[in-house]
Number of protein chains: 2
Amino acid sequence: MNNRPYTKVINQLKAAGLRPTRQRIALAKLLFGTCNRHVTAESLLAEATQAKIQISLATVYNSLHQFTDAGLLREIVVDLNRCYFDTNMTEHYHFFYEENNRLEDIHSDDIIISKLPSLPLGKSLKRVDIVIRV
Amino acid sequence: MNNRPYTKVINQLKAAGLRPTRQRIALAKLLFGTCNRHVTAESLLAEATQAKIQISLATVYNSLHQFTDAGLLREIVVDLNRCYFDTNMTEHYHFFYEENNRLEDIHSDDIIISKLPSLPLGKSLKRVDIVIRV
DNA sequence: GTGTTTGCAAAGTGTTTGCAATTTA
DNA sequence: TAAATTGCAAACACTTTGCAAACAC
């Protein structure tokens with residue numbers, strides 16, 4: 001891999017309290033370089049490998065969780081067989097294509113919820129997940 | 001275990017095209033005997049064991065999937081670490097208590113969705129899953 | 001009797017962990 | 001140099017599978 005400074009990604013990592021290592025920079029570049037993404041550990045490793053980035057599966061898992069804890073990614077639960085991570089941190093929902101296990105964003109304006117139940121006593125809302133399975 | 005006829009459960013299984021074996025009858029009795037339930041394979045096995053029903057984990061898994069395929073149960077994806085099955089087959093949604101991985105039904109009247117996006121071309125709606133994480 | 005179901009143990013899958021070697025600051 | 005990070009391989013948790021024995025009809 002090349003080692004240009006990637007100032008933007010490095011600053012993003014530093015801001016998140018993560019040491020900008022070669023592996024994290026490479027993954028962050030793949031994840032945050034372009035538009036919003038949905039990845040699994042396997043898919044991201046495959047992508048990295050194809051881009052000639054040398055990295056282990058364990059590090060991909062570690063990085064995905066570190067990015068998630070740092071608020072750079074969020075985890076989506078749609079399929080029991082694998083973890084999906086989403087680079088889109090804004091409020092939004094998902095289509096899930098069952099035929100090929102693919103996710104697609106639904107902009108939050110495209111779903112309007114006009115009534116929600118009151119929360120159980122003493123609980124605070126963590127998130128409302130909506131998945132439209134097609 | 002006792003072996004009263006359990007006519008109702010047996011008919012339910014037959015109607016679903018499932019041979020009413022001792023194990024299936026026992027599980028169906030636990031699952032459909034009372035109110036709506038949320039179970040995992042482990043929790044159902046524990047319950048069966050406590051009720052002195054002799055059954056293996058493999059058979060619990062098999063039965064849960066057979067019941068699901070037969071339309072007697074539905075699977076809920078909320079937690080990557082285990083499969084949840086719900087005996088409530090009517091349209092409804094869920095609270096998920098992250099502190100103890102517990103599920104609670106939300107009656108469909110308690111959530112009103114006043115706008116949904118149009119489906120991707122050529123796709124049919126399988127289900128709208130809503131999970132409120134608290 | 002025949003085809004289905006069960007149950008064990010083994011295999012499988014995706015994920016996490018322990019720890020020595022490497023890298024970053 | 002000191003502390004954090006990586007990467008391998010082993011461990012893990014849950015689920016599925018293969019197949020001989022048991023069961024339902």
Side-chain angles (χ1 to χ4, degrees), chain A residues 1 3 5-7 9-28 38-46 48-49 52-70 72-73 75-85 101 103, chain B residues 1 3-7 9-28 38-46 48-49 52-70 72-73 75-85 101:
Chain A
M1 64 162 289
N3 44 18
Y6 298 138
T7 320
V9 154
I10 289 177
N11 289 337
Q12 206 173 357
L13 289 171
K14 281 185 178 162
L18 296 169
R19 210 183 253 193
T21 64
R22 183 170 51 83
Q23 291 84 342
R24 284 178 186 157
I25 294 168
L27 293 183
H38 299 118
V39 301
T40 64
E42 289 289 353
S43 80
L44 187 56
L45 176 64
T49 303
K52 305 275 184 263
I53 294 158
Q54 199 211 295
I55 190 167
S56 73
L57 181 58
T59 298
V60 173
Y61 273 109
N62 287 339
S63 303
L64 286 172
H65 286 133
Q66 290 151 357
F67 291 1
T68 301
D69 293 343
L72 302 175
L73 288 179
E75 211 174 330
I76 310 171
V77 181
V78 275
D79 178 349
L80 291 173
N81 298 311
R82 71 206 97 243
C83 292
Y84 287 82
F85 294 87
N101 300 333
L103 274 171
Chain B
M1 65 163 288
N3 45 16
R4 274 185 285 136
Y6 297 138
T7 320
V9 154
I10 289 176
N11 288 336
Q12 207 171 357
L13 289 172
K14 280 184 179 163
L18 296 169
R19 208 183 256 193
T21 65
R22 183 169 53 82
Q23 292 84 342
R24 285 178 184 158
I25 293 168
L27 293 183
H38 301 119
V39 301
T40 64
E42 289 288 352
S43 79
L44 187 56
L45 176 64
T49 304
K52 307 276 185 261
I53 296 158
Q54 199 211 295
I55 191 168
S56 73
L57 181 58
T59 298
V60 173
Y61 273 109
N62 287 337
S63 302
L64 286 172
H65 287 132
Q66 289 152 357
F67 290 2
T68 300
D69 293 343
L72 302 174
L73 288 178
E75 210 174 331
I76 310 171
V77 181
V78 277
D79 177 350
L80 291 174
N81 297 310
R82 71 206 96 244
C83 292
Y84 286 82
F85 294 87
N101 300 333

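Just so we're on the same page: letters track the sequence lines, and every chain starts at 1.
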For B:I25 and C:dT6, give me the distance from atom CD1 to atom P, rounded to whole Å. 10 Å

How about A:H65 and A:L73: do any of their side-chain heavy atoms sit closer than 4.5 Å? no

B:L45 CG to D:dA13 C1': how many Å, rounded? 15 Å

May I have the step-by-step check of side chain to side chain contact (heavy atoms under 4.5 Å, CB included) for B:V39 and B:L64, ending in yes or no? CA-CA 10 Å; B:V39 301; B:L64 286 172; 4.3 Å; yes

Please report the interatomic distance CD(B:Q54) to OG1(B:T59), rounded to the nearest 0.5 Å. 10.0 Å

Side chain to side chain, A:L45 and A:I55, heavy atoms closer than 4.5 Å: yes

Is the side chain of B:R24 donor-acceptor paired with the backbone N or O of B:R19 at a distance under 3.5 Å, no angle test? yes

Whether each nucleotide of nucleotides 18-25 of chain D has a protein heavy atom under 4.0 Å at its base (B), only at its sugar-phosphate (S) or at neither (-) is summarised, 5' to 3', as ------BS

B:R82 side chain, from C-beta outward: closest of D:dT16, C:dT16, D:dC14: D:dC14

Between B:L80 and A:R82, does the side chain to side chain contact (heavy atoms under 4.5 Å, CB included) criterion hold? Intermediate values first, please. CA-CA 7 Å; B:L80 291 174; A:R82 71 206 97 243; over 6 Å; no

Ranges pairing with ranges for DNA chain D, where each run has three or more Watson-Crick or G-U pairs under 3.5 Å: C:1-25 with D:1-25

Between atom CG in B:D69 and atom P in C:dT4, what is the gap in whole Å? 16 Å

Measure CG/A:D79 against P/C:dT13 and give the value in whole Å, please. 15 Å

Can you tell me how far C1' of C:dT6 sits from CD of B:Q54, to the nearest Å? 10 Å

What integer distance in Å separates B:L57:CG from D:dT16:P? 10 Å

So which one's nearest nucleotide on DNA chain D is more toward 5', A:G17 or B:Y84? A:G17

Hey, is the side chain of B:Q66 poking within less than 4.0 Å of OP1 or OP2 on C:dT5, counting only N and O atoms? no

Whole angstrom is fine here: how far is it from CG in A:L13 over to P in C:dA25? 11 Å

Hey, does the side chain of A:H65 come within less than 4.0 Å of C:dT15's phosphate (OP1/OP2), counting only N and O? no

Would you please confirm or rule out a distance under 4.0 Å between OP1 or OP2 of D:dT6 and any side-chain N or O of A:T59? no

Would B:I10 and B:I25 satisfy side chain to side chain contact (heavy atoms under 4.5 Å, CB included), going step by step from the backbone distance to the final call? CA-CA 7 Å; B:I10 289 176; B:I25 293 168; 3.8 Å; yes

Atom-to-atom span, CG of A:L80 to C1' of D:dC14 - whole angstrom: 10 Å

If the condition is ring pair (Phe, Tyr, Trp, His ring centres under 6.0 Å), which residues does B:Y84 pass it with, not counting sequence neighbours? none

Does some side-chain heavy atom of A:Q23 sit less than 4.5 Å from a side-chain heavy atom of A:N62? no

Sugar-phosphate, base or nothing in reach of B:I55, heavy atoms under 4.0 Å: sugar-phosphate

